[in-house]
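Notes for the one structure printed next.
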Amino acid sequence: MKAIKLVNKTKIFLNPQPPYNFNANFHKPSHFPSSDNRWEENQYWITMLWKGRMLGLKFENKGRVDKPKIQLTVYSKKKLGEKYFLGILPEIRWRFNFDQDISSFCGKYKNDEFLKEAIKKWEGMKPIAAHSLYGTLIIYFVLQNAAVRRSVQMLENLFNKFGKKVEFDGKALSIFWEPKDMAKASEANLRELKVGYRAKFFKRLSEQFTNKEIDEFALRKKNKEEVEKEILNIFGVGPASAEYLLFEDMYFLDALKTVPPWEQKIMSKLLFDQKLVSTQKIVNFFKKRYGGYEKLAFHYIWENLFWKRKKVHIGWLEKEIRL
DNA sequence: CATCAGGGCCCTG
DNA sequence: CAGGGCCCTGAT
């Protein structure tokens with residue numbers, strides 16, 4: 001596939017709400033890699049489809065956790081009008097969670113036995129959506145019932161068939177497709193991409209977005225219970241995907257009701273030094289100790305572990321990660 | 001070689 | 001509310 005060159009640049013400085021941890025927010029080491037984005041220390045690139053135009057975003061860290069400053073460069077094929085450019089900024093602030101204030105969490109738990117190390121290293125880490133709701137749901141679907149390698153393969157197959165490649169700042173990255181492009185495809189076409197039973201999910205999801213049955217922006221204004229109810233109505237979204245979505249993409253810091261099996265094993269070891277503790281006990285631990293921030297606390301412990309894994313070999317952990 | 005359980009979800013009874 | 005079926009893959 002030939003890459004489309006995005007040569008026009010528009011730059012701006014942005015100031016997220018402190019504390020904001022650039023590297024811990026633009027890179028989540030527990031997530032599987034996707035060819036639509038790339039992280040390097042203090043730099044991040046991602047593609048974005050916005051109002052019919054393909055964009056390349058580059059973020060550069062020019063500040064500190066307590067005084068965050070980010071230089072954003074938006075790459076496009078043609079020069080961007082001022083109105084269009086100003087219009088994407090609120091969306092970018094949302095997708096990278098610039099405005100949520102978690103200072104009280106970091107302050108309150110900086111000496112907590114289970115969190116102090118993570119807060120010391122990653123203060124200002126927050127949930128980050130990074131993608132549109134549509135893109136996020138596609139990613140959650142490939143995550144279901146699959147080990148990492150297969151999830152990666154499914155997503156790349158989808159990018160190759162429905163997406164495009166764009167090139168900017170020396171990087172060639174995939175870019176998501178419009179829902180209508182996928183809605184047109186047949187279920188058999190989708191199945192060729194080795195996505196299995198998910199083919200039906202992709203098709204129905206794309207149709208729902210094309211028909212504007214799902215309104216991401218209206219959803220963001222609703223409370224947790226309303227959001228949960230609505231997303232559970234989406235074909236292909238069940239309790240597991242819904243819970244990830246509530247935290248990672250809708251930023252409800254207390255969205256913790258269940259723990260998937262592999263996370264259960266890892267948390268059992270980390271918190272209780274036992275082989276397997278009931279999910280209920282794990283959930284209760286977080287609720288009691290970090291009420292209101294139970295999922296954020298989980299996130300700090302979780303990502304801290306995966307940051308460590310990048311540097312040192314953790315034998316017991318490797319066994320629990322299905323690559 | 002076969003069987004099975006996954007980083008679930010839908011549908012049926 | 002329990003349980004079968006579903007795509008694929010790697011483990012046994």
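Quick caveat: nothing in here was measured; it's all calculated off a predicted structure. Letters A, B, ... mirror the listed sequences (proteins, then strands); counts begin at 1.
Checking Phe32(A) against Ile234(A), the closest nucleotide of DNA chain B that is more toward the 5' end is the one next to Phe32(A). In this structure, Lys265(A) and Leu232(A) both approach DNA chain B, and ranking their closest nucleotides by distance from the 5' end singles out Lys265(A).
Using a 4.0 Å heavy-atom criterion, one finds that Ile139(A) contacts no nucleic acid atom at all. Among the atoms of the strands shown, none is found under 4.0 Å from any heavy atom of Tyr244(A). Contacts of Val148(A) with the nucleic acid, taken as non-hydrogen atoms under 4.0 Å apart, include base atoms. Ser241(A) comes within 4.0 angstrom of the backbone, heavy atoms only, and of no base. Among the protein residues, Ala147(A) comes within range of no part of the nucleic acid, since none of its heavy atoms lies under 4.0 Å from any strand.
If you measure from atom CD1 of Ile231(A) to atom P of dC10(B), you get 12 Å, rounded to the nearest angstrom. As a whole-Å value, the separation of Leu245(A) CG from dG8(B) C1' is 15 Å. Regarding Glu243(A), its CD atom lies at a distance of 11 Å from the P atom of dC9(B), rounded to whole Å. In this structure, Leu190(A) places its CG atom 19 Å from P of dC6(C), rounding to the nearest Å. Counting to the nearest Å, the P atom of dG6(B) and the CD atom of Glu263(A) are 14 Å from each other. Going from atom CZ of Arg150(A) over to atom P of dG8(B) covers 12 Å, rounded to whole Å. One can place CD of Glu156(A) at 18 Å from P of dC8(C), the figure rounded to the nearest angstrom. Between Asn157(A) atom CG and dT9(C) atom P there is a gap of 10 Å when expressed in whole angstrom units.
Ring centers of Phe59(A) and Trp45(A): at least 6.0 Å apart, outside the cut-off. Close placement of the Phe105(A) and Tyr300(A) rings is indicated, their centers lying within 6.0 Å of each other. No close placement of the Trp122(A) and Trp302(A) rings is indicated, their centers lying 6.0 Å or farther apart. Proximity of the aromatic rings of Phe176(A) and His131(A) is defined here by a centroid distance below 6.0 angstrom, and this criterion is met.
When Phe298(A), Phe285(A), Tyr290(A) are each tested for a ring-ring contact (aromatic ring centres under 6.0 Å, His included) with Phe114(A), only one passes: Phe285(A).
You'll find that the side chain of Gln153(A) is closest to dT9(C), out of dC11(B), dC9(B), dT9(C).
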Please list every donor-acceptor pair under 3.5 Å in which a side-chain atom of residues 146-154 of chain A meets a protein atom from a residue at least two apart or in another chain.
| unit_1 | atom_1 | unit_2 | atom_2 | d |
| --- | --- | --- | --- | --- |
| Arg150(A) | NH1 | Lys194(A) | O | 3.1 |
| Ser151(A) | OG | Val142(A) | O | 2.9 |
| Ser151(A) | OG | Ala147(A) | O | 3.4 |

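Distance check: Leu133(A) CG to Ile234(A) CD1 gives 6.0 Å after rounding to the nearest 0.5 Å.
The aromatic rings of His27(A) and Trp39(A) sit parallel, their planes meeting at an angle under 30°, below the 60° perpendicular limit. Ring geometry for Trp94(A) versus Tyr251(A): interplanar angle of 30 to 60°, hence tilted.
Listed by residue number, the members of residues 196-205 of chain A with any heavy atom below 4.0 angstrom from DNA chain C are Gly196(A), Tyr197(A), Arg198(A).
For the OP1/OP2 pair of dG10(C) and a distance below 4.0 Å, the side-chain nitrogens and oxygens of Arg149(A) include at least one atom meeting the criterion.
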Wobble G-U and Watson-Crick pairs count when both distances are under 3.5 Å; given that, what is the 5' to 3' dot-bracket string of DNA chain B, with | for pairing to other strands? .|||||.||||||
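A donor-acceptor contact shorter than 3.5 Å is absent between the side chain of Glu228(A) and the backbone of Leu246(A).
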